[in-house]
Amino acid sequence: MDTHNHLLLLVPLLLLINMATFCFGDLRKDFEITWGNGRAHILDNGKLLTLSLDKASGSGFQSKREYLFGKIDMQLKLVPGNSAGTVTAYYLSSKGSAWDEIDFEFLGNLSGDPYILHTNVFSHGKGNREQQFYLWFDPTADFHSYSILWNPKHIVFYVDEIPIRVFKNLESKGVPFPNKQPMRIHSSLWNADDWATRGGLIKTDWTKAPFTASYRNFKVTAAAAASTAARGSGRTSEELDARSENRLKWVQKKYMIYNYCTDTKRFPHGFPPEC
Ligand SMILES: *[C@@H]1O[C@H](CO)[C@@H](O)[C@H](O)[C@H]1NC(C)=O
């Protein structure tokens with residue numbers, strides 16, 4: 001069979017997968033509320049999840065399943081208005097003292113001032129691989145998708161399907177890579193006004209509480225399926241195509257505000273090997 005026929009088969013298959021997500025997407029099936037004493041809710045027949053934070057407590061949820069590789073998509077709408085001091089964490093994590101973790105953290109700000117999107121990758125309990133970004137839109141005005149593609153070759157962070165960060169598997173250079181421990185999806189909304197906004201200078205304004213973040217349109221594509229789809233579009237799952245590569249460069253040039261790989265104060269004697 002030639003490539004053309006493969007594509008013909010792939011299109012209906014992908015449609016079917018999309019329809020299945022559309023028809024059967026029910027957050028109650030995939031997630032459980034883990035803390036917050038009634039501050040987290042799954043609403044609209046499982047189509048919407050909300051977390052809230054007030055002076056007494058934040059709240060959180062986790063996936064019922066664990067995942068080992070895959071592309072994990074979720075749409076989030078962040079705390080609007082004066083969100084200074086609040087942090088919305090959305091991440092994958094395994095268990096134990098040598099845990100692996102792939103993080104998105106959204107640091108709130110005063111009305112009109114930009115959120116910071118903080119990212120990190122932990123392997124075997126060790127992180128220290130922070131990269132931070134501003135977003136090119138207001139993440140509180142509407143839902144936007146935040147995705148993690150995790151396969152044995154690399155981890156790619158996406159915002160609205162635009163890659164913002166790639167963490168390659170460089171085990172060959174001695175850099176530990178998360179590829180053995182299955183991870184659960186976790187999210188929480190909490191108060192971090194001791195550090196989150198302008199380094200902790202701006203405190204949470206509790207007169208604006210409760211603060212609420214919302215989630216919808218969760219989707220997981222197995223790593224194998226994700227790479228089949230990638231092959232269908234003429235590339236391998238290990239590399240970004242030229243368009244994605246350009247977009248990655250655009251984000252990193254215009255919106256990246258911190259990169260551990262260029263922090264000479266922190267690494268005066270040379271950067272970690274993956275840099
Ligand atoms: C908040 O806004 C200030 C001023 O624009 C900016 O320096 C800072 O990076 C923003 N984000 C956070 C989380 O502090």
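Values below: every heavy atom of this structure, side chains too, minus hydrogens, waters and symmetry copies. When a ligand or atom number is given, it counts from 1 through the structure's own listing order.
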Legend entry - Output field: ring centroids W250/Y255 closer than 6.0 Å: yes
Legend entry - Parallel, tilted or perpendicular, as decided by the 30° and 60° cut-offs, for the rings of F137 and H144: parallel
Legend entry - Protein residue, atom and distance nearest to atom 14 (O) of ligand 1, heavy-atom basis: R198 N, 2.8 Å
Legend entry - Any G108 heavy atom less than 4.0 Å to ligand 1: yes
Legend entry - Test item: side-chain donor near acceptor, S63 and D30, under 3.5 Å: no
Legend entry - Atom indices of ligand 1 within 4.0 angstrom of T197 heavy atoms, with elements: 14 (O)
Inset, instruction - Using a strict cut-off of 4.0 Å, indicate which atoms of ligand 1 neighbour a heavy atom of A196. - result: 13 (C)
Legend entry - Those atoms of ligand 1 less than 4.0 Å from some heavy atom in Y134: 6 (C), 7 (O), 8 (C), 9 (O)
Inset, instruction - Measure L107 to ligand 1 on non-hydrogen atoms and call it side chain, backbone, both or neither using the 4.0 Å cut-off. - result: both
Inset, instruction - Report whether W195 and F133 are members of the same hydrophobic cluster (ILVMFWY, side-chain heavy atoms less than 4.5 Å apart, transitive linking). - result: yes
Inset, instruction - Specify the protein heavy atom at minimum distance from atom 1 (C) of ligand 1: its residue, its atom name, and the distance to 0.1 Å. - result: N109 ND2, 1.5 Å
Inset, instruction - Mark yes or no for whether K203, through its side chain, and D193, through its backbone, hold a donor-acceptor pair below 3.5 Å. - result: yes
Legend entry - Per-atom contacts of ligand 1 with P114, taking only distances under 4.0 Å to non-hydrogen atoms: 1 (C), 2 (O), 5 (O), 10 (C), 11 (N)
Legend entry - Exercise: do N128 and Y260 side chains pair donor with acceptor under 3.5 Å: no
